[in-house]
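Just so you know, these numbers use all the heavy atoms, side chains as well, and skip hydrogens, waters and symmetry mates. Count residues from 1 along the sequence.
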Amino acid sequence: MEQRATTHHVHKLSFILLILSLAFPSSSFELRPSVADSTFLHSNDTAISDFRVLNRRALFQCPDLNPYLQINVTTQGDLSDEQFITVNVSGVLVPSDGDWVAMVSPSFSDVTTCLGSEAYYLQTGDTSILPLLCHYPVKAKYVTSDPSYLSCKNQKCQKYGNNGDCEVRTCAGSLSFHVVNIRTNIEFVFFAGGFSTPCILTKTDVPLKFSNPNSPLHGHLSSIDSTATSMRLTWVSGDKEPQQVQYGDGKSQTSEVTTFSAADMCSEFRLGSIVVPSPAKDFGWHDPGYIHTAVMSGLQPSSTFNYKYGSDAVGWSAEIQFRTPPAGGSDELKFIVFGDMGKAPLDSSAEHYIQPGSISVIKGMTEEVENGNVDSIFHIGDISYATGFLVEWDYFLNLITPLASKVSYMTAIGNHERDYSDSGSWYTGPDSGGECGVPYETYFPMPTPAKDKPWYSIEQGSVHFTVISTEHDWTEKSEQYEWMKTDMASVDRSKTPWLVFTGHRPMYSSLGADDQFLETVEPLLLNNKVDLVLFGHVHNYERTCSIYNSECLAIPEKDKNGIDTYDNTNYSAPVQAIVGMAGFSLEKFPDDAPSWSLVRISEFGYVRAHATKDELKLEFVNSDTKNVDDSFIITKK
């Protein structure tokens, strides 16, 4: 079935390109295999829902001449930086379970039909009957979310007869939408026909605007080196003029300002001089505003400071208290690590990509931060899952602000940030939707050697973290391979006795992994006596024995509390763990797991770690129950 679908996809795409080539006879084009296989790749790596393929649906004209139909928004004045608003649909003659409301931004976006755009969208993996919606809604809700809608409990008489009886009754419904400041005006559009056969009924008369589209928002922290005496703050604003971060006792730093445009996004293929855009370049594009970054220097490790950011011209953020991590070489570190979190709506709306576990995970981690149990956070790939729908970065940044504004939020790049064909990524699937790492590296500047070389190391407390990119070339003699080898060989184990190696795609998983990656990089781990390896990508939690070459070289023993304990005094091999259970829909384990897989849990959560000079303890916290579902210790005597 997959082969037949791919063949149909190729034939359909070839026909479209033939038509385009007739229109541009001087051009030449060669179909790459990555395009032909995109249906298969997309269905494996991204969950396709009715809403996600809305742009590839035929748009019909509603045969509705209803003169009573209205849609309006209940709000007082312009929109704040974050709020819930009520959208009211009224004057409906016959309520249907296919009626829905979309939030669209910018308000001038074209939500009608783009007849000539089919080739643009085939790369996303859907081959539905076209034409297409020209712009992707930010989010949408079925009006049946209001339980009184179909039963018409909220009705109004629109026309009375001569005898005073009501001759025409209409129904109404109300929906709540969570809105964050995305800087551009928004409107709400009322559709019929569901997501599969949408047609426009009506839209709001006046666009809604934000009271301050230049507000400084979503400040998040990251470490720039191992001294913990400087911290980078990154935030978003609609204003391009430099702003400031004010911190400590009267200190301030002026921001450097950058942004990116649709021209910076990757495209799947070209037809001569005609670019066939990716989602990021076309229907998923949204202006990111301006990204500000400033380094707060003169700090002390393991200390608390206050800061605020912005300017008199655009306003200031609230004052926030943050904590610096411990300096490399000090004794103790408390950190959280996870992958594949993304975001989910706070209003139960449909969005481009929803990671259902993210809300409970963020709530649990926020409580940890507020209780002082966290020095730093490591999010190891698949960050926002925006995948070419740029407005979703704003919603993600808003969601992590309670965490990332208070402790160092370090990241590694994943396939859904970087991968795209012909873009320099090691894997060529369309998983980034054309973002190709540009938004990720702009929003999350890490202490990397250069642009599009997103690997780095950092020391905090007694731990040396080697953070790699599994999405860039890691083969022998590559730049990243040589860097890994040099970095791990240079670790002073008397200063940082624990060496933790981390990235996105795993070496070991019961669900399978890249054998070439394992064969190439694993010897470096053994040669440098790596203690712990942490990966994501697979959406569950799994822990191994002390493993090398798919064999257990050592098995942990139970301590007096029944906790698995690995004794690395006489080193054998690294312990490896997958921690990709922080948001994306969970994956089930096979019935016949390999012998090296000691613990397998398919629940949402995060890993809480505590390192001293002698002991490294990790706990998998179930974010729904708050229970510790697995714990293990690595010791050195």
- Query: Side-chain donor-acceptor pair under 3.5 Å between Y508 and E542, yes or no?
  - Reply: no

- Item | Donor-acceptor pair between H352 and T387 side chains, under 3.5 angstrom | yes

- Task: Verify the distance criterion only: is there a donor paired with an acceptor across the side chains of D239 and S237 at less than 3.5 Å?
- Result: no

- Give a yes-or-no answer on whether the side chains of S408 and S223 include a donor-acceptor pair shorter than 3.5 Å. yes

- Message: Checking the side chain of N212 only, and the main-chain atoms of N214 only, is there a donor and an acceptor separated by less than 3.5 Å?
- Response: yes

- Task: Look at the side chain of S211 and the backbone N and O of L79, then say whether any donor-acceptor pair between them is shorter than 3.5 Å.
- Result: yes

- Message: Salt bridge or not between K139 and E351? Use side-chain N to carboxylate O under 4.0 Å.
- Response: yes

- Mind running side-chain contact (heavy atoms from CB on, under 4.5 Å) on H292 and V236 for me, showing each step along the way? CA-CA 6 Å; H292 295 249; V236 178; over 6 Å; no

- Query: Can you list every pair that meets salt bridge (charged side-chain N to carboxylate O under 4.0 Å, His left out) and has a residue in residues 522-535, with sequence neighbours left out?
  - Reply: R493-D531, D531-K636

- Message: Determine whether D340 and Q355 satisfy the following criterion, side-chain contact (heavy atoms from CB on, under 4.5 Å), listing intermediate values before the conclusion.
- Response: CA-CA 9 Å; D340 305 78; Q355 291 69 52; over 6 Å; no

- Between the side chains of D382 and H504, is a donor N or O closer than 3.5 angstrom to an acceptor N or O? yes

- Message: Hydrogens and angles aside, do S105 and T184 bring a side-chain donor and acceptor to less than 3.5 Å of each other?
- Response: yes

- Task: Please name all residues satisfying side-chain contact (heavy atoms from CB on, under 4.5 Å) with A404, sequence neighbours left out, ordered by chain then number.
- Result: H220, I400, Y409

- Query: Looking at CG of N415 and OH of Y427, how far apart are the two atoms once the value is rounded to the nearest 0.5 Å?
  - Reply: 9.5 Å

- Can you check whether V530's main-chain N or O pairs, donor with acceptor, with N528's side chain at less than 3.5 Å? no

- Query: Taking the six-membered ring for Trp, are Y385 and H416 parallel (under 30°), tilted (30 to 60°) or perpendicular (over 60°)?
  - Reply: tilted

- Task: Nearest 0.5 Å please: distance from the CD atom of Q460 over to the OG1 atom of T324.
- Result: 10.0 Å

- Query: Under 3.5 Å, is there a donor-acceptor pair between the S421 and T428 side chains?
  - Reply: no

- Query: Could you give all pairs that pass the ring-ring contact (aromatic ring centres under 6.0 Å, His included) test and reach residues 296-328, with sequence neighbours left out?
  - Reply: W235-Y309, F305-F322, Y307-F322

- Query: Is it true that the side chains of S546 and Y571 contain a donor and an acceptor less than 3.5 Å apart?
  - Reply: no

- Query: Should E459 and K495 count as an ion pair when the cut-off is N to O under 4.0 Å?
  - Reply: yes

- Charged N to carboxylate O below 4.0 Å: is that the case for E482 and K477? no

- Message: Regarding E441 and K451, does a basic nitrogen lie under 4.0 Å from an acidic carboxylate oxygen?
- Response: no

- Query: Would you say the side-chain atoms of N373 pair up with the backbone N or O of V369, donor to acceptor, closer than 3.5 Å?
  - Reply: no

- Message: For R323, is there an ion pair with D375 - N to carboxylate O distance below 4.0 angstrom?
- Response: yes

- Message: Checking the side chain of S432 only, and the main-chain atoms of C436 only, is there a donor and an acceptor separated by less than 3.5 Å?
- Response: yes

- Would you find a donor on one side and an acceptor on the other, under 3.5 Å apart, between the side chain of D487 and the backbone of W483? no

- Task: Check the side chains of T612 and D331 for a donor-acceptor pair under 3.5 angstrom, ignoring hydrogens and angles.
- Result: no

- Candidates Y456, F501, F335 - the one meeting ring pair (Phe, Tyr, Trp, His ring centres under 6.0 Å) with F465: F335

- Under 3.5 Å, is there a donor-acceptor pair linking the side chains of D630 and Y541? yes

- Message: Below 30° counts as parallel, above 60° as perpendicular, anything between as tilted: where do the rings of H178 and F84 land?
- Response: tilted

- Would you tell me whether E332 and H610 have side-chain atoms, one donor and one acceptor, within less than 3.5 Å of each other? yes

- Query: Hey, does the side chain of T442 reach the backbone of V438 with a donor-acceptor pair shorter than 3.5 angstrom?
  - Reply: yes

- Query: Is the side chain of E615 donor-acceptor paired with the backbone N or O of I633 at a distance under 3.5 Å, no angle test?
  - Reply: no

- Query: Does D419 offer a backbone N or O that forms a donor-acceptor pair with the side chain of S423 under 3.5 Å?
  - Reply: no

- Task: On the 0 to 90° scale, with breaks at 30° and 60°, tag the H539-H537 ring pair as parallel, tilted or perpendicular.
- Result: tilted

- Item | Side chain E435, main chain G388, donor-acceptor under 3.5 Å | yes

- Message: Closer than 4.0 angstrom, basic N to acidic O: yes or no for D431 and R418?
- Response: no

- Query: Using 4.0 Å as the upper bound for N to carboxylate O, is an ion pair formed by D264 and K281?
  - Reply: no

- Message: If the threshold is 4.0 Å, N to carboxylate O, is there a salt bridge linking K637 and D614?
- Response: no

- Task: Check step by step if ring-ring contact (aromatic ring centres under 6.0 Å, His included) holds for H379 and F338.
- Result: CA-CA 5 Å; H379 185 165; F338 57 90; 4.6 Å; yes

